[in-house]
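So the structure is just underneath, and the comments pick up after that.
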Amino acid sequence: MREERPIVALDFPSFEDVKSFLSQFPKEEKLYVKIGMELYYAVGPEIVRYVKSLGHSVFLDLKLHDIPNTVKSAMAVLADLGVDMTNVHAAGGVEMMKAAREGLGQGSKLIAVTQLTSTSEEQMKEDQNIQSSLVESVVHYAKKAAEAELDGVVCSAHEVEAIKTATSERFICLTPGIRPAGSAASDQKRVMTPAQARQIGSDYIVVGRPITQAEDPVEAYQTIRAEWNA
Ligand code: C5P
């Protein structure tokens with residue numbers, strides 16, 4: 001299930017920024033990119049159509065969480081856009097995740113967010129009244145996502161082993177917070193290098209600023225890609 005291309009997080013505020021970023025890559029270099037809420041809400045579905053028209057693959061990171069019927073209808077719209085992968089919050093429940101799968105169909109990958117990595121164990125206990133450990137909660141949600149026949153979860157690289165043990169080797173673990181050796185962690189707290197992420201069994205890595213803010217983004221991409229596949 002491992003994807004050889006690191007997913008590049010297109011965390012840009014406008015269409016123009018995306019265009020100028022992508023134009024630096026040779027035409028035949030087909031990327032896998034992540035489009036998040038900011039860009040999608042600013043530009044709209046057109047951004048997905050544009051990126052797809054260039055032949056790139058798209059992970060649309062919108063983290064849906066609503067009643068099953070609404071999520072199912074929204075997923076049908078995203079399927080029509082041709083997204084390669086998208087996601088929901090596992091906290092929406094098994095019924096919602098099943099409805100999401102139904103709406104999206106089998107042509108795109110569907111993964112779940114378990115606990116956001118910005119949530120601490122204390123916050124989870126206080127805000128969500130979940131009294132288990134954070135890892136137990138993450139693993140519980142991953143099992144629910146597997147039960148709903150989702151393809152995997154977004155998770156911290158540190159949680160991959162526990163999740164795969166509780167689900168299956170084939171269950172996708174997509175991990176952000178990746179930094180090549182020697183680069184700035186920025187606001188990421190617990191980072192891993194592409195090589196470490198591979199070693200612990202991540203299937204997809206998401207890399208943003210080390211590529212998008214690099215002096216030479218194409219070179220940064222190739223270096224990270226090589227480290228991820230070494
Ligand atoms: O620039 P950087 O490599 O930190 O970007 C990582 C991307 O992955 C961002 O779009 C960020 O929102 C996203 N992400 C994350 N941690 C999570 C989930 C998503 O960094 N747990």
Side-chain angles (χ1 to χ4, degrees), residues 3 5-14 17-18 21-22 31-43 47-48 51 56-65 83-91 109-121 123-124 128 134-135 137-139 141-142 145 150-160 162-163 172-198 200 202-217 219-225 227-228:
E3 165 62 49
R5 293 169 293 175
I7 298 184
V8 183
L10 293 183
D11 292 325
F12 295 111
S14 76
D17 290 315
V18 172
F21 173 74
L22 292 176
L31 304 174
Y32 204 136
V33 302
K34 179 170 94 73
I35 295 174
M37 286 186 200
E38 181 191 8
L39 185 60
Y40 189 79
Y41 291 145
V43 182
I47 189 66
V48 177
V51 171
H56 303 308
S57 301
V58 173
F59 165 33
L60 189 58
D61 180 21
L62 296 182
K63 303 185 177 73
L64 274 67
H65 187 174
V83 300
D84 297 274
M85 178 158 61
T86 187
N87 57 1
V88 293
H89 270 283
K109 292 206 159 49
L110 180 60
I111 59 178
V113 175
T114 58
Q115 290 288 351
L116 292 167
T117 48
S118 54
T119 304
S120 70
E121 191 162 299
Q123 285 171 329
M124 178 189 80
Q128 303 175 40
L134 190 67
V135 177
S137 174
V138 165
V139 167
Y141 277 138
L150 266 56
D151 298 292
V153 289
V154 184
C155 64
S156 145
H158 302 269
E159 297 158 353
V160 171
I163 289 169
I172 291 172
C173 289
L174 176 147
T175 58
I178 302 297
R179 291 291 177 269
S183 87
S186 309
D187 53 353
Q188 296 282 13
K189 302 244 159 49
R190 295 201 299 156
V191 298
M192 269 198 195
T193 66
Q196 286 170 325
R198 176 175 187 159
I200 53 93
S202 294
D203 301 285
Y204 292 71
I205 53 170
V206 176
V207 188
R209 288 161 290 181
I211 295 169
T212 57
Q213 308 296 318
E215 213 159 286
D216 184 342
E219 191 195 352
Y221 174 76
Q222 297 300 0
T223 305
I224 290 169
R225 184 181 167 136
E227 190 184 337
W228 169 234

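When a ligand or atom number is given, it counts from 1 through the structure's own listing order. Values below: all heavy atoms of this structure, side chains included; hydrogens, waters and symmetry mates excluded.
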Side chain to side chain contact (heavy atoms under 4.5 Å, CB included) against V191, all qualifying residues, sequence neighbours excluded: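 V191 satisfies side chain to side chain contact (heavy atoms under 4.5 Å, CB included) with R179, A185, Q188 only.
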Could you pull out all residues at least two apart from S120 that satisfy side chain to side chain contact (heavy atoms under 4.5 Å, CB included)?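 For S120 the side chain to side chain contact (heavy atoms under 4.5 Å, CB included) partners, ignoring immediate neighbours, are E122, Q123.
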First locate atom CZ of R198, then atom OG1 of T175, and finally report the distance between them rounded to the nearest 0.5 Å.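 Here the rounded value is 13.0 Å.
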Just say parallel, tilted or perpendicular for the rings of H89 and H65, cut-offs at 30° and 60°.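 The arrangement is tilted - the two ring planes meet at 30° to 60°.
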Could you pull out every protein residue that has a heavy atom closer than 4.0 Å to ligand 1, ordered by chain and then number?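 Residues near ligand 1: A9, D11, K34, T117, P176, R179, Q188, V206, V207, G208, R209, P210.
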With sequence neighbours excluded, give me every salt bridge (charged side-chain N to carboxylate O under 4.0 Å, His left out) pair touching residues 111-121.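 Checked against salt bridge (charged side-chain N to carboxylate O under 4.0 Å, His left out) - neighbours excluded - the pairs reaching residues 111-121 are E121-K125.
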Residue pair V154 / V113: nearest heavy atoms and the distance that separates them: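 Looking at all heavy atoms of both residues, the shortest contact is CG2-CG2, 4.3 Å.
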